[in-house]
Trainee: 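Pasting a structure here, questions to come.
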There are 2 protein chains.
Amino acid sequence: MRVTVDIVLFTIRERRLHLLLIRRLAEPFAGCFALPGGFVLPDESVDAAAARELREEAGVESVYLEQLYTFGEPGRDPRGRIITVAYYAMVPQTQSLQAGTDAADAAWFPVDALPPLAFDHLAIVQYAHTRIRNKLGYTNVGFELLPAKFTLSELQVVHEAILGEPLDKRNFRRRVQLQGIVKPTKEFQATGRKPAQLFRFKD
Amino acid sequence: MRVTVDIVLFTIRERRLHLLLIRRLAEPFAGCFALPGGFVLPDESVDAAAARELREEAGVESVYLEQLYTFGEPGRDPRGRIITVAYYAMVPQTQSLQAGTDAADAAWFPVDALPPLAFDHLAIVQYAHTRIRNKLGYTNVGFELLPAKFTLSELQVVHEAILGEPLDKRNFRRRVQLQGIVKPTKEFQATGRKPAQLFRFKD
DNA sequence: ACAAAAGTGTTCCATATACACCCATGT
DNA sequence: ACATGGGTGTATATGGAACACTTTTGT
């Protein structure tokens with residue numbers, strides 16, 4: 001019985017939630033897009049395998065990574081009995097990506113406009129999207145999609161992209177500030193028109 | 001690489017949350033208590049393996065079963081590289097248990113008074129307990145611990161056992177009734193003093 | 001009559017929602 | 001001057017928390 005990891009790597013581009021897909025070169029599903037992932041090595045923890053595959057296939061290092069669910073139906077991979085442990089991860093818009101990618105063809109797709117996916121990867125993606133939508137309500141998820149310092153408008157864009165719906169600016173700002181999950185810096189971002197105050201996460 | 005399942009089987013006894021443990025006969029950890037579980041067979045889904053182990057080791061059939069987390073540290077089992085997919089399950093107090101147990105010695109323990117556990121099973125138990133405590137707030141978890149018809153006091157005992165703290169009777173009853181997750185039957189339970197109305201779950 | 005569990009309302013506080021205008025800056 | 005995104009307050013609705021007594025039955 002073999003064990004793989006598959007990672008749903010999220011980011012925000014042009015105010016929409018995107019994820020990284022890799023075009024498969026080999027059968028099965030050659031030419032089809034799939035999640036980055038691969039086999040767990042004999043002396044490596046499952047978490048470490050996910051981090052390594054992210055490094056090798058997506059060229060990203062030390063990102064937020066969380067286990068999602070294990071998919072273990074016997075027929076899910078035509079090559080034989082392969083169980084996969086799914087993860088999701090997040091990178092800020094700024095991080096340069098796909099550098100170091102050893103897969104032929106990696107690309108970002110909006111979560112609401114995905115190409116056909118190999119294996120049961122569509123189910124994994126939907127599971128991941130549901131998870132982060134739910135976690136947004138009661139955790140700090142979403143911060144990993146931003147650089148260390150960010151404006152409240154940028155944070156709002158992240159939340160709107162994950163939820164897929166617009167939020168009220170005043171209510172949003174009051175909530176994040178009252179919950180005490182961000183703290184203001186003394187810096188301002190002078191890009192655009194009126195400079196916006198920069199914040200960082202607590203803890 | 002081998003894959004096992006381990007199941008945290010909860011029930012309520014004497015108003016406290018308990019779980020089923022099995023005394024190991026073989027090394028490693030011979031004589032120690034462990035969660036019911038075992039290897040996933042080659043043509044069996046991981047979910048099916050968990051259901052089968054519950055049947056074989058705990059003698060329970062068709063119970064609520066949900067995947068929890070996959071534990072995959074290389075050193076977690078001294079016999080070699082074994083990854084385990086952890087599940088939790090729930091049975092009502094009424095269900096007769098341990099009938100059909102093929103393990104030598106199965107016993108219920110209160111979650112707050114556990115014996116030393118084999119492998120990383122203590123971490124699995126704590127993860128399961130945290131999960132059901134959180135799910136209590138936003139789902140119908142806890143209903144699986146009761147028979148089809150139950151009184152609101154019995155439901156409150158279940159919630160108190162999982163949360164580990166007493167709840168206000170009036171607030172509890174109002175909440176479950178307003179949320180529309182239970183519906184009253186016309187029957188009453190005549191055990192004890194004043195007969196209590198029986199409810200059942202919606203859906 | 002008494003013991004035991006069932007059943008029942010109100011007040012208060014915190015949090016979510018709906019909603020519109022002025023401000024600072026770059027062009 | 002104007003276009004752009006930054007920033008701010010109030011009123012209302014909703015959900016949670018605290019809190020004590022009466023009712024029904026069996027013994």
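Computed from a predicted model, the values in this text were never measured in an experiment. Atoms considered below: every heavy atom in the structure, side chains included; atoms not considered: hydrogens, waters and symmetry mates. So that the names make sense, note that chain A is the first sequence line, chain B the second, and so on, each numbered from 1.
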Trainee: State which of C/dA16, D/dT10, D/dT25 makes the closest approach to the side chain of A/Arg174.
Mentor: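 My answer, after comparing the listed nucleotides, is D/dT10.
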Trainee: Would you mind telling me which of D/dT4, D/dG6, C/dA4 lies closest to the side-chain atoms of A/Lys169?
Mentor: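 Out of D/dT4, D/dG6, C/dA4, the nucleotide with an atom closest to A/Lys169's side chain is D/dG6.
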Trainee: Less than 4.0 angstrom between a side-chain N/O of B/Ser153 and OP1 or OP2 of C/dA5, yes or no?
Mentor: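 For C/dA5, neither OP1 nor OP2 has a side-chain N or O of B/Ser153 closer than 4.0 Å.
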Trainee: Provide, to the nearest angstrom, the distance between the CZ atom belonging to B/Phe188 and the C1' atom belonging to D/dT23.
Mentor: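 Computing the B/Phe188:CZ to D/dT23:C1' distance gives 13 Å.
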Trainee: Among A/His129, A/His18, A/Arg16, which residue satisfies the side-chain hydrogen bond (donor to acceptor under 3.5 Å, both in side chains) criterion with A/Asp112?
Mentor: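 Only one option passes, and that is A/Arg16.
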Trainee: Map B/Pro195 and A/Glu154 onto DNA chain D by nearest heavy atom, then report which one ends up closer to the 5' terminus.
Mentor: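 Result of the comparison: A/Glu154.
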Trainee: Return the value, rounded to whole Å, for the distance between atom CZ of B/Arg175 and atom C1' of D/dG16.
Mentor: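 After rounding, the gap between these two atoms is 9 Å.
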Trainee: Please compare A/Gln179 and B/Asp168 by the position of their nearest nucleotide in DNA chain C and report the one closer to 5'.
Mentor: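 Comparing both residues, the 5'-ward one is B/Asp168.
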Trainee: To the side chain of B/Arg193, which of C/dA4, D/dG16, C/dC19 is closest?
Mentor: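 Taking heavy atoms from C-beta onward, the closest nucleotide is C/dA4.
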Trainee: Evaluate the side-chain proximity of B/Val141 to B/Tyr88: yes if any heavy-atom separation is below 4.5 Å, no if none is.
Mentor: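 A side-chain contact under 4.5 Å exists here.
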Trainee: Could you please name the option among C/dA16, D/dT25, D/dC19 that lies closest to any side-chain atom of B/Asn171?
Mentor: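 The nucleotide sitting nearest to the side chain is D/dC19.
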Trainee: Within this structure, what is the CG-to-P distance between B/Leu167 and D/dA18, rounded to whole angstrom?
Mentor: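 Distance, rounded to whole Å: 11 Å.
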Trainee: Atom CD of B/Glu165 and atom C1' of D/dA17: how far apart are they, to the nearest Å?
Mentor: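 Atom-to-atom, B/Glu165 to D/dA17, this comes out as 12 Å.
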Trainee: Would you mind telling me which of D/dC19, C/dA16, D/dG16 lies closest to the side-chain atoms of B/Arg170?
Mentor: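 Output: D/dC19.
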Trainee: Quick check on the 6.0 Å ring-centre criterion: do A/Phe119 and A/Phe71 meet it?
Mentor: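 Here the rings of A/Phe71 and A/Phe119 have centres that are no less than 6.0 Å from each other.
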Trainee: Quick one: B/Gln156 CD to C/dA5 C1', roughly how many Å, whole number?
Mentor: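 From B/Gln156 CD to C/dA5 C1': 12 Å.
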Trainee: Taking atom C1' of C/dG7 as reference, at what distance in whole Å does atom CD of B/Gln177 sit?
Mentor: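 Computing the B/Gln177:CD to C/dG7:C1' distance gives 10 Å.
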Trainee: The side chain of B/Lys194 is closest to which nucleotide in this list: D/dG6, C/dT25, C/dA5?
Mentor: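 Of the candidates, C/dA5 comes closest.
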Trainee: What is the distance, to the nearest angstrom, from the CZ atom on A/Phe172 to the P atom on C/dA18?
Mentor: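 Computing the A/Phe172:CZ to C/dA18:P distance gives 16 Å.
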Trainee: Please tell me if the side chains of B/Tyr69 and B/Ile124 come closer than 4.5 Å, counting only heavy atoms from C-beta onward.
Mentor: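 They are not in side-chain contact.
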Trainee: Closer than 4.0 Å, any side-chain N/O of A/Arg173 to the OP1 or OP2 of D/dG7?
Mentor: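 Yes, A/Arg173 has a side-chain N/O under 4.0 Å of OP1/OP2 on D/dG7.
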Trainee: Indicate, with yes or no, if the rings of B/Phe150 and B/Phe201 have centres closer together than 6.0 Å.
Mentor: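 Close enough - the centres of the two rings lie under 6.0 Å apart.
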Trainee: Can you tell me how far C1' of D/dG9 sits from CG of A/Leu178, to the nearest Å?
Mentor: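 Atom-to-atom, A/Leu178 to D/dG9, this comes out as 13 Å.
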